[in-house]
Amino acid sequence: MERRIEKFSTNGLTLEYSIMGDGEPIFVMHGGHSNCKEEFGYKALIENGFSIITPSRAGYGGTSKEIGESLSTACEHYMKLLNHLNIKKVHLVAISAGGPSGIYFASKYPEMVFSLTLQSAVTKEWLTPKDKELKAARVLFRPKTEKYTWKLISFMNNLFPRFIFNQMFPSFSKLTHDEAKKMLSKDDVEAIRKMNNRQRSGEGFFIDLAQINEVAIENLQAISCPTLIMHSKHDGSVPLEHPYLAHESIPTSELCLLDTWGHLIWLGKSSKETDEILIKFLKSRTFCIA
């Protein structure tokens, strides 16, 4: 898949983004530790005639951390990027820790959002100070050390792909490895290895942790576009309270609980179903590009 990476500057700040494919535009708010080089779910969308614009969210990749001063400021810059690209309307897809960005954008710029899809998305308070995962993340992924953390993870993953997959599995799934065995695909180990080779936290992950608290029930209730909420029944990273809250609060939403093995709904033997559900939703809500 050919990917073009560009940079858009305004008021001395830089927003990095990538563009792939041709057709109706999908604007992707990637998840945590990711950037505009994200790949999960992209192939099927491109093959079905969509284009994908992915900004590196605030503090990730080549995007200025100052853009993440607040969710409001960040979303204003995402809106400016779409104006720069002369794109009037998009299908918005928000993934995992990118959930708050997608929710806020859809609630504040309804005229620009034709549909919203939340995939494994954070929709409310997530990690709290008492959570051991947050305590570990504050050490491993702080801006001054995250580069070395990811270098070590990718180095070990390249040497021992199956071992690292097994070690990381519990962070993605509520199932035991034995329970999930029949749901796993032969390609999952390699997909995780590739993911760990493109991941970086930059300043972005700490910005995410702060911005999660800026999303309110009122933002969810203000969303007026057709909304698809996709979440694995076995997600071990983002609890089911998140999709349930979104579904209860967004008047125009439909909830799709997937029988995938965990948080990464684009992996496993059910990954084709994940693609098909999203594509069916998007194609039933096509629009004319002005």
Side-chain angles (χ1 to χ4, degrees), residues 8-11 13-17 24-32 34 36 38 52-60 63-126 203-204 206-230 238 242-243 245-254 281-282 285 287 289-290:
F8 167 63
S9 297
T10 177
N11 299 325
L13 300 178
T14 300
L15 181 55
E16 178 186 58
Y17 65 96
E24 285 189 5
I26 296 173
F27 198 53
V28 175
M29 301 292 191
H30 63 74
S34 187
C36 69
E38 183 55 74
I52 305 175
I53 303 99
T54 309
S56 291
R57 293 191 294 105
Y60 286 110
T63 294
S64 303
K65 65 178 181 180
E66 292 80 6
I67 285 175
E69 178 183 34
S70 67
L71 262 184
S72 175
T73 300
C75 287
E76 183 179 341
H77 280 83
Y78 302 143
M79 182 269 293
K80 288 180 179 178
L81 171 61
L82 290 176
N83 288 340
H84 168 71
L85 296 172
N86 197 31
I87 295 175
K88 308 299 183 187
K89 222 170 180 68
V90 295
H91 293 291
L92 182 60
V93 175
I95 300 167
S96 193
S101 297
I103 290 164
Y104 195 92
F105 191 91
S107 68
K108 294 298 181 180
Y109 301 102
E111 73 282 359
M112 302 191 76
V113 181
F114 194 77
S115 72
L116 170 65
T117 301
L118 299 174
Q119 294 188 316
S120 307
V122 172
T123 66
K124 65 184 188 71
E125 184 182 41
W126 184 30
E203 304 269 357
F206 274 54
I207 292 173
D208 283 347
L209 294 177
Q211 289 186 350
I212 286 164
N213 298 317
E214 296 178 40
V215 171
I217 287 288
E218 289 75 18
N219 295 116
L220 290 163
Q221 292 171 337
I223 294 171
S224 57
C225 64
T227 300
L228 175 64
I229 303 163
M230 305 178 72
V238 180
H242 290 256
L245 176 68
H247 184 45
E248 290 167 6
S249 305
I250 302 173
T252 53
S253 68
E254 57 182 281
F281 172 76
L282 296 174
R285 289 156 180 84
F287 59 94
I289 302 172

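Counting only heavy atoms from C-beta outward, the side chains of D208 and W126 never approach each other to under 4.5 Å.
The two residues A121 and H242 come nearest to each other via the heavy atoms O-CB, 3.6 Å. Residue H77 comes nearest to L13 through the heavy atom pair NE2-CD1, 3.8 Å, listed as atom of the first residue, atom of the second, then distance. Across every non-hydrogen atom of S96 and G31, the tightest pair is CB-CA, 4.2 Å. Among all heavy-atom pairs drawn from N213 and L209, the shortest one is ND2-O, 3.7 Å. Across A97 and G32, no two heavy atoms sit closer than the pair CB-N, 3.7 Å. The two atoms that bring I217 and L245 nearest to each other are CD1-CD1, 3.5 Å, heavy atoms only.
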Enumerate, atom names and distances included, each donor-acceptor pair closer than 3.5 Å involving a side-chain atom of residues 218-226, sequence neighbours excluded.
unit_1, atom_1, unit_2, atom_2, d
N219, OD1, A216, N, 2.9
N219, ND2, S107, OG, 3.4

Could you go through residues 108-120 and list every donor-acceptor pair under 3.5 Å that involves a side-chain atom there, pairing it with any protein atom two or more places apart or in another chain?
unit_1, atom_1, unit_2, atom_2, d
S115, OG, H91, ND1, 2.7
Q119, OE1, W266, NE1, 3.3
S120, OG, H263, O, 2.8

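Every residue two or more places apart in sequence or in another chain was checked for a side-chain hydrogen bond (donor to acceptor under 3.5 Å, both in side chains) with T123, and none qualifies. For T54, the side-chain hydrogen bond (donor to acceptor under 3.5 Å, both in side chains) criterion is met by Y42, not counting sequence neighbours. Residues passing the side chain to side chain contact (heavy atoms under 4.5 Å, CB included) test with E69 are T73, sequence neighbours excluded. Applying the ring-ring contact (aromatic ring centres under 6.0 Å, His included) test to F8 and every residue at least two apart in sequence or in another chain returns H84. Remark: E16 pairs with I5, K7, C36, S56, T63 by the side chain to side chain contact (heavy atoms under 4.5 Å, CB included) rule, at least two apart or across chains. The side-chain hydrogen bond (donor to acceptor under 3.5 Å, both in side chains) test applied to E38 returns S34, R198, not counting sequence neighbours. When the salt bridge (Lys or Arg N to Asp or Glu O under 4.0 Å) test is applied to E248, no partner is found at least two apart in sequence or on another chain. Residues that satisfy the ring-ring contact (aromatic ring centres under 6.0 Å, His included) test with H30, not counting sequence neighbours, are Y60. With sequence neighbours left out, the salt bridge (Lys or Arg N to Asp or Glu O under 4.0 Å) criterion links E214 to no other residue. With sequence neighbours excluded, the residues that form a side-chain hydrogen bond (donor to acceptor under 3.5 Å, both in side chains) with S253 are H247.
Within the model, atoms CD1 of I207 and OG of S70 stand 10.5 Å from one another, a figure rounded to the nearest 0.5 Å.
Heavy-atom neighbours of K80 NZ from other residues, nucleotides or ligands within 6.0 Å: above the threshold of 12.
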Q.
Please determine whether side chain to side chain contact (heavy atoms under 4.5 Å, CB included) holds for the pair F27 and L85, giving the CA-CA distance in whole Å, both sets of side-chain angles, and the decisive distance to 0.1 Å.
A. CA-CA 12 Å; F27 198 53; L85 296 172; over 6 Å; no

